[in-house]
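See structure below.
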Amino acid sequence: MKIKVNGREHEVESDPDTPLLYVLRNDLALNGAKFGCGLGQCGACTVMVDNEAVFSCLTPLLVVQDREITTVEGLGSIDNPGPLQRAFIEEQAAQCGYCIAGMMMRAESLLQKNPHPSDGEIRAALEPNLCRCGTHMRILRAVRRAAELMRIAALGTAPRAP
Amino acid sequence: MTAFKTFLAIIGLCLAVTLGFVAIAWRAPIDPVSPPSASGFDPALVRRGAQLAAAGNCSTCHTAPGGRAFVGGRALPTPFGTIYSTNITPDPVTGIGRWPEEAFRRALAEGVDRAGRHLYPAFPYDHFRLLTRDDARALYAFFMTREPVSATPSANEVAFPLNVRMLLAGWKILFLRQGSYQQNPAQSEAWNRGAYLAEGLAHCGACHTPRNRLGAEKASERFAGGEVEGWNAYALNEASPAPVPWDADSLRFYLTNGWHDAHGVARGPMAAVVDNLAAIPDADMKAIATYVASIAGEVSAERRRAAEALIANTRNPTGQSIVGTEASGENIFYAACASCHEGDRGLPFGGVNLALSTGPSGPNPDNVINVVLWGLPPADGARSPVMPGFAGSLSDQQLVALLSYVRSRFSDKPAWANLDKEVRDAKSGGRPSSVYPAHGIDPAQATLNRGEEP
Amino acid sequence: MMERALPTRRSVLAGTGALVVSFSSVARALAQADTSQDDKPALPGSLKEYPLLDSWIRIDADGRVTIFTGKVELGQGIKTALLQVAAEQLDAPFASLTLITADTARTANEGFTAGSHSMQDSGTAIMHAAAQARAILLLEAARRLDVAEATLKTRDGAVIAADGRKLGYGELVADNLLHVEAQSRSPLKEPASFAIMGRSMPRVDIPAKVTGGAAYVQDLRLPGMVHARVVRPPSYGASLADVDTAAAEKLPGVLKVVRDGNFLAVIAEGEFQAIKAMRRLAAAAQWTEKPSLPKAADLASVITALASQDIPILDRRQDGVVAAKKLQATYTRPYQAHGSIGPSCAVAHWEDGNVTVWSHTQGVYPDRQAIAQMLRLSPDKVRCIHVEGSGCYGHNGADDAAADAALIARALPGRPVRVQWMREQEHAWEPYGPAMVTKVSAALDAAGDIVDWDYGVWSNTHSTRPGGAGALLAGQHMAEPFAPPTPKPMPQPEGGGDRNAIPLYRLPGARVVNHFLPAMPIRVSALRSLGAYMNVFSIESFIDELAQAAGKDPVEFRLKHLDDVRGRDAIMLAHDRFGWASFQKRPGSGRGFAFARYKNLAAYCAIAAEIEVERETGRARLIRAVAAVDSGQAVNPDGVTNQVEGAILQSASWTLYESVGFDDTRITSIDWSTYPILRFNAVPESIAVHIIDRPGQPFLGTGETGQGPAAAAIANAVADATGKRIRDLPLTRQRIKAAIGV
């Protein structure tokens, strides 16, 4: 089966009914998406499929054959973090950190569709994702900060007015 | 007669008709009173009023999402424009704080506000007119003892000439009957009580009956089903699509708990109705169930046998593997849905048995599409069924394939037409739908999780 | 209890021509540097049990420094904080330090990372060891450079002479240089000179966690690793009557089915293959169950009816007390779950009769010992290495998953076996925070002061950690099972169910009894703050009830009864920053206050909260919270803030929503739909944490200090908003609505 993740095509051996979560973690050795419940209740497994945030634990391999999958690894690296990652590091938005990659993908999907989300819109967007450590305040701050960093980055690449 | 005189005669006739109409349509304003003090109301009457308000589902329409109770501002889309619910807290300026009881009663019975303006039948006074004076008094006591909140909801978005309220008098002439509920001596006390509540306060027909072009319920098609907020309110009469026919016991369970193993989970606007119904007395719940069960009439032996066969064929986790790598409806079902919907965990927290659920047998795919796309969101801090939405993970094509499969596998009805368009409209918001989180399930009910008989 | 194991597999540096600085010269040098804060004769922190400096610090020839701790990262930021302490006292660049956390082959046995002890025990040990190591390096440099030690300075991992000559630590270190016992006094740096301690250094683990780096035991991938799943019984005490394993064994990828009595598991090459096999195996298993759980609706009376050991922990009587008013109250708490977001996971690898287990257990040594006993092996054949898991908040399924992995891997020697618990398994089988009942009565005199106080708490033990194979699920379920150990009360001042049962207030007459309940109808153990959550909830709720009876402002009332200066500072700071005196009450809103010192010896925490209650539904929403915290010397202030913010939100979730559900046989709250917790829609508008920094003071454990005060502040705010006092946790929408009425 083929699969396109973070811009690269892969051939994987997994069965077609394998949830995307296990394909990412085991076939492709990607750590970002995590097993939290396998029931679509906690969001630790959240990745993006064509810019929509989905629960990878309930998305079987066979439905994502022609889709673009993005995981947190696709947002930047430890040596070159993207704006969302920078924001989470700046705000120290993690305690145990287990939920964070899922939060970030949910936030990334929001920010791609809505670069200026209100506080209420951010909260509503993150509702499907659970955090047990109580890092919510920082996560909200990090998403706001990421929106700011993305806007600044966009300004930098926008054509200058004559 | 000259043309001019004919012209004058016609003008005169129009004027006469108009004046006649206005004479009939005009309602006198009722003088405002100083807001009655909350402590002046008998607590028992207030409690009774609370139960009645719950039966009437008042808080759902009169509360904006995320807003304070009864402050209004909820948008109610109608074919004639968007109506915004009013502030019915006892605020003296923006609410009904200065309404005497007489004005409150008139609003329920005739659809006229204190100032004499006609109200849009989005406020279902065509049902509330059935209330007794005593019940209206209790409701008045309840509303007058709520927290007054100063807030003016948005103005209605209704185009001319429909925004001329006086024209509603015409609607009322055509469609509004007068008078409170009349007992049916041929029926039991419980049936009559149920009819009084269901036809009156609970206004079931307002959603479950189709409407005509003027927005009134079709009297000849009572309980033949309706559309509300993007959901199909299933027919409750003999046209009921439920694979397993309802009876008074199952209805009572469902209306009390918000789910039933052999029928499904209340979602969409019905979730809000069921949440409110939790507050009504058991006897009233029983009565409503008795009445609603009777609407469907006698269940044929054939239908009963078919239902028994369905139930007997209990959930069998086949652990079926998918065949091939194609994203066929069957494969998608087994890869994405079966782990919950063919698992060994029953309602309310496991996936509903789709063969018994009404959704796949519905007249249109709206309800199933809504649930598959948007899921069942979690309640706020209370136990509730949670289902994820698949709008992001399934493409339009895959959704169509899945829905076709679900329809053909889990119902004996003909295929749904135009699934491509239905899915597109639902995803794009072309056919908007409201998604309601359930307010939660009483912890006591969670013990039924093990599939014991409810 | 703590063993002083001499590590056998450690790479003890064999000395060839090693120069060991003599014991006496070290002692002389340290005696001259009389700047130690610690005047106790005993060694500070965990140095008591592990006095050798190279149990804690190793410096390589290239100058890289490795710090060893017997504690573990739980997400509380301890890795970073310990590195800060070491870097500061050693004067080595922060980036040159690596931390090795608990590993039975390499680190000290510091018991469990629990009880907010990490900074107090390990942090203290590392601080002193690092300071003494620096002193030794200075001495060695003085010897080599042939100058007076007092003319030397240290900076960035090197010793620098007055004439500019420089010797890096790597050059100075020789075999066994640090293989000396610690002294009781250390030349600690002056807090005013701190460059790293006291700073909010960014956490060292966060960058990897946000960029997909391997960070958790769940991310371990070893060559040849296979996947296993356990088929757990459907209820406590269920027995496996029969299981036809054939169908599961035939599934693709399945390597083996493991059965040992009631312990049932399956191993497969691929993870999803293991899951499918688990489902098939579970369907084929036939269990005999028996109803054994108490009646949920009667839980409080069930608890108080259990046989109890009645242990007085305070008995102070005052004669001639004239009571003007008497009040009493009973408070209840249900079982509550850890609910770790990542279900427990472990990897085990058998080779040549030895087994290595990677686990997120809080205690590698006790878990190792229990696993060894379970496998009937000597402990030296078992190595237990900590790898981070998701937040555990106490004793969750981690130790059991480690045991599962070891037992399953024994059936497939040579291949690492990864065991991942399912969500339902974690929810149903983790040991919960115990259900508790408290009863309190007090008397006020005519001036409105408390003159008498009577408090009783009913609770199971708050620790069933291993301690023996009988504490492990696998140990209980196998064919030759181990009996669960007899629970014993944890003595004061730490306490278990009676943690924080003794108020810090001035009470002329006071009696506190710990009614210890050995019988555990439902599996319980340590949940963050142990009994303190319930005791502080009860005491601080009752203090408010007394304040109301005395006609006093709740904060004033507390200050009136509190002599502890640091406690008073915390209360006044929270009071001021919240704007308590100028609070404007709106319909449906209320404010509440609470204070406690965790264990009466760890961090101080005062919290003021604002709540809004929806009258029609009873729904309570936390609007904002303001906390004042005194952790002594705050090594990483942002870490303190993070922990207290988290404690407030977690406690809000426990307090407003959470209770384990069960029928007469099974646990029914087995996932997030049946055990809902706080989601973003209920997150408050703001949480402000104000830290009172006390440089030079001992570290005070902070990880658990917020739980109790947050609960009571919320309860007091609900009472203020509704005029009704609710004493039964959780303060659900239904309870609040029932109290409000129509």
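Quick note on labels: first sequence line is chain A, next is B, and so on, each numbered from 1.
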Among Val54(A), Leu39(A), Leu58(A), side-chain contact (heavy atoms from CB on, under 4.5 Å) partner for Pro388(B):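 Looking at Val54(A), Leu39(A), Leu58(A), the match for Pro388(B) under the side-chain contact (heavy atoms from CB on, under 4.5 Å) is Leu58(A).
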Minimum heavy-atom distance between Leu62(A) and Ala335(B), given as atom pair plus value: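 Taking every non-hydrogen atom into account, CD2-CB, 4.1 Å.
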For chain B and chain A, what donor-acceptor pairs lie under 3.5 Å, backbone included?
residue   : atom : partner  : partner atom : Å
Gly392(B) : O    : Arg67(A) : NH2          : 3.1
Ser393(B) : O    : Arg67(A) : NH1          : 2.9
Gln398(B) : NE2  : Val63(A) : O            : 2.9

